Amino acid sequence: MKKKFAFAVLFLFVINVLLAESNSEKFWKLWNKENEGPATEFLKEWEKKNKKDPELYVCYFNMYITKASKEQMYVESFLPPNFNGQYMEGQNENGDKIYIYSITDYDDDLCKKAFEYDE
């Protein structure tokens, strides 16, 4: 009887751990760059409950870096000087060579805010 009870408790514990969702997972399910309100509210609540959780600061950092990044796609007949990123070559309808590439810019203020959580 004790073995069955211990097995049942262990089974329930394992199921709970397997099905439990971490705060980090909850945050990323709520995160949406266009509507970040629910995710930031969740971070504030999380901070009130457990300010010393290292995952909280990782989520803050990643949120601000994600908000700071802006990718711009280009289709041009030449690559910019000193471009060292990835690109694709192709041809337009006239048979001229074209290049497809992207450049990611970062907002300095948001990056600064992100690195405040990294310290």
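Since the structure is predicted, the reported quantities are computational estimates derived from the model, not experimental observations.
Using a 4.5 Å heavy-atom cutoff, the side chains of Phe61 and Val58 are not in contact. In this structure, Lys67 and Trp31 have side chains that are in contact, with non-hydrogen atoms separated by less than 4.5 Å.
Note that CD1 of Ile65 is 10.0 Å distant from CG of Asp107, once rounded to the nearest 0.5 Å. The line from CD of Glu47 to OG1 of Thr40 is 11.5 Å long, rounded to the nearest 0.5 Å.
A donor-acceptor pair is defined here as one N or O able to donate and one able to accept, closer than 3.5 Å; such a pair exists between the side chain of Asp53 and the backbone of Glu55. Under the 3.5 Å distance criterion, the side-chain polar atoms of Glu25 are matched with a main-chain donor or acceptor of Ser22. Listed for the Asp96 side chain is no donor-acceptor partner under 3.5 Å among the backbone atoms of Asn92.
Of all the heavy atoms in Ala39 and Phe27, the pair that sits closest is CB-CE1, 3.6 Å. Scanning both residues, Met63 and Trp28, for their nearest heavy atoms gives N-CH2, 4.3 Å. The two residues Leu30 and Pro38 have their closest heavy-atom pair at CD1-O, 3.9 Å. Heavy atoms only, all atoms of each residue included: Lys44 and Tyr60 are closest at N-OH, 4.0 Å. Closest approach of Leu56 to Asn50, counting heavy atoms only: CD2-O, 4.0 Å.
Under the 4.5 Å side-chain contact rule for hydrophobic residues, Tyr74 and Tyr99 share a cluster. A continuous path of Ile, Leu, Val, Met, Phe, Trp and Tyr side chains, each step under 4.5 Å between heavy atoms, connects Ile103 with Tyr87, placing both in one hydrophobic cluster. Both Met73 and Met88 belong to a common hydrophobic cluster when Ile, Leu, Val, Met, Phe, Trp and Tyr are linked at side-chain heavy-atom distances under 4.5 angstrom.
Counting heavy atoms of neighbouring residues, nucleotides and ligands inside a 6.0 Å radius, atom CG of Asn94 exceeds 12 of them. Residue-environment remark: CD (Glu71) exceeds the threshold of 12 foreign heavy atoms within 6.0 Å.
A salt bridge is absent between Lys113 and Glu116; no separation between the charged side-chain nitrogens and carboxylate oxygens falls under 4.0 Å.
Contacts of Lys97 classified as salt bridge (charged side-chain N to carboxylate O under 4.0 Å, His left out), with partners at least two apart in sequence or in another chain: Glu89.
Between Tyr101 and Phe83, the distance separating the two ring centers is shorter than 6.0 angstrom.
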